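Please read the structure below before turning to the comments.
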Amino acid sequence: ETEVTQELWTAVMGGNPSHFVGEQKPVEQVTWSDCNNFINKLNQMTGMKFRFLTEAEWEFAAKGGNKSQAYKYSGSDNIDEVAWYAADGKQTRMVKNKLPNELGIYDMCGNVMEWCYDLFTDYTSDHQINPTGAQYGSDHIVRGGCCLSDATYCRMTVRNFFNYAGVSYGIGFRLALQTETH
């Protein structure tokens, strides 16, 4: 329901790389590879199967899934109700201090952009269901806008990318839990 917090990151990794320190703030200053290492270690510790969200999963969740009200931002047409962004002082804030979206998910727009599993590629004009990213490359999708973004860049439809080895205090991530269905 939230971005990975500094508290959880520290419990798993033993340290906190974040610029804006606070246990309930999202972890940032982490590369895609750092996040992948975190996921692998968390899975070993818990015996569960956490992973990155794909870009398509991220957008579906941000839009409110099957409960979508077609908002501009995740949970509202008023960004101030749901997101921390540049107008709020250009720093991350504690998670869950704005309204959630229709699925009860917090901070999908603003606070930190979120690494996705997919490698960046341009969308095609073809109709697609659950598209996947490029086969090869070094730039991963980041979605959601951040504390450094103007309101326009926090809209759910805005796509961005960042090199897998890059860090920013505007980029973190959230987890998906892989469930087995029988």
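Note that the coordinates shown come from a computational prediction; the quantities given were computed from them, not determined experimentally.
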The test is side chain to side chain contact (heavy atoms under 4.5 Å, CB included); show your working for Phe60 and Asn66 and say whether it passes. CA-CA 8 Å; Phe60 183 76; Asn66 294 327; 3.6 Å; yes
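- Distance check, rounded to the nearest 0.5 Å: CG of Leu99 to OG of Ser74 gives 11.0 Å.
- Using a 4.5 Å heavy-atom cutoff, the side chains of Val12 and Met45 are in contact.
- Residues Leu119 and Asp139 fail the side-chain proximity criterion, which asks for heavy atoms closer than 4.5 Å.
- Counting only distance, with no hydrogens or angles, the side chain of Gln6 and the backbone of Val27 share no donor-acceptor pair below 3.5 Å.
- Taken to the nearest 0.5 Å, the CG atom of Asn111 stands 10.0 Å off from the SG atom of Cys154.
- How far NZ of Lys63 is from CE of Met156: 6.5 Å, rounded to the nearest 0.5 Å.
- Criterion: ILVMFWY side-chain heavy atoms under 4.5 Å apart, direct or through other members. Under it, Met13 and Met48 are part of a common hydrophobic cluster.
- By the side chain to side chain donor-acceptor pair (under 3.5 Å) test, Glu102 pairs with no residue at all, sequence neighbours left out.
- With a 4.5 Å cut-off on side-chain heavy atoms, Tyr85 and Ile79 count as touching.
- Within the 4.5 Å cutoff, no side-chain heavy atoms of Ile141 are placed close to those of Trp115.
- Residue Pro26 forms a side-chain contact (heavy atoms from CB on, under 4.5 Å) with just one option from Leu8, Ile171, Thr92, Thr2, and that option is Thr92.
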Passes salt bridge (charged side-chain N to carboxylate O under 4.0 Å, His left out), Arg174 versus Glu114? Steps please. CA-CA 7 Å; Arg174 74 176 62 233; Glu114 300 173 12; 2.7 Å; yes
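- To the nearest 0.5 Å, atoms SG (Cys116) and CZ (Arg143) are separated by 7.0 Å.
- Counting heavy atoms from C-beta outward, Phe52 and Asn36 have side chains that approach closer than 4.5 Å.
- Counting non-hydrogen atoms of neighbouring residues, nucleotides and ligands closer than 6.0 angstrom, the OH atom of Tyr164 reaches no more than 12 such neighbours.
- Tracing side-chain contacts under 4.5 Å through hydrophobic residues (I, L, V, M, F, W, Y), one reaches Tyr117 starting from Leu42; they form part of the same cluster.
- Between Tyr106 and Asn101, the side chains place no donor N or O within less than 3.5 Å of an acceptor N or O (distance only, hydrogens not considered).
- Using modelled atom types, one finds no donor on one side chain facing an acceptor on the other under 3.5 Å when comparing Asp150 with Thr152.
- Within the 4.5 Å cutoff, side-chain heavy atoms of Arg93 are placed close to those of Gln91.
- Judged as a side chain to side chain donor-acceptor pair (under 3.5 Å), and not counting sequence neighbours, Trp9 has no contacts.
- Side-chain heavy atoms closer than 4.5 Å link hydrophobic residues (I, L, V, M, F, W, Y) into clusters, and following such links, possibly through other members, connects Val30 to Val142.
- Taken to the nearest 0.5 Å, the CG atom of Asp77 stands 7.0 Å off from the OH atom of Tyr71.
- Tyr169 pairs by the side chain to side chain contact (heavy atoms under 4.5 Å, CB included) definition with His19, Phe20, Glu28, Gln29, Leu148, not counting sequence neighbours.
- Here the closest non-hydrogen pair linking Cys109 and Ala83 is O-CB, 2.9 Å.
- Between the side chain of Asn37 and the backbone N or O of Asp34, no donor-acceptor pair lies under 3.5 Å.
- Hydrophobic clustering (ILVMFWY, side-chain heavy atoms < 4.5 Å, transitive): Met113 and Leu53 are in distinct clusters.
- Side-chain N or O atoms of His140 include one that pairs as donor or acceptor with a backbone N or O of Asp118 at under 3.5 Å.
- For Phe173 and Phe38, the gap between ring centers is short of 6.0 Å.
- Val4 and Met108 are assigned to two separate hydrophobic clusters, defined by single-linkage of ILVMFWY side chains at heavy-atom distances under 4.5 Å.
- Under the 4.0 Å criterion applied to side-chain N and carboxylate O atoms, Lys98 and Glu81 are not assigned as salt-bridge partners.
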Run the side-chain hydrogen bond (donor to acceptor under 3.5 Å, both in side chains) test on Tyr153 and Asn160 for me, step by step, so that the C-alpha distance in whole Å, both residues' side-chain angles and the decisive distance to 0.1 Å come before the verdict. CA-CA 9 Å; Tyr153 295 102; Asn160 223 322; over 6 Å; no
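- Judged by distance alone, with hydrogens and angles left aside, the side-chain atoms of Thr5 form no donor-acceptor pair with the main-chain N or O of Gln24 at under 3.5 Å.
- For the pair Ile105 and Pro100, the minimum side-chain heavy-atom distance is 4.5 Å or more.
- Under the 4.0 Å criterion applied to side-chain N and carboxylate O atoms, Lys96 and Glu3 are not assigned as salt-bridge partners.
- In this structure, Trp32 has its ring center at least 6.0 angstrom away from the ring center of Phe162.
- Between Arg159 and Glu59, none of the side-chain N atoms (NZ, or NE/NH1/NH2) sits under 4.0 Å from a carboxylate O, so this pair counts as no salt bridge.
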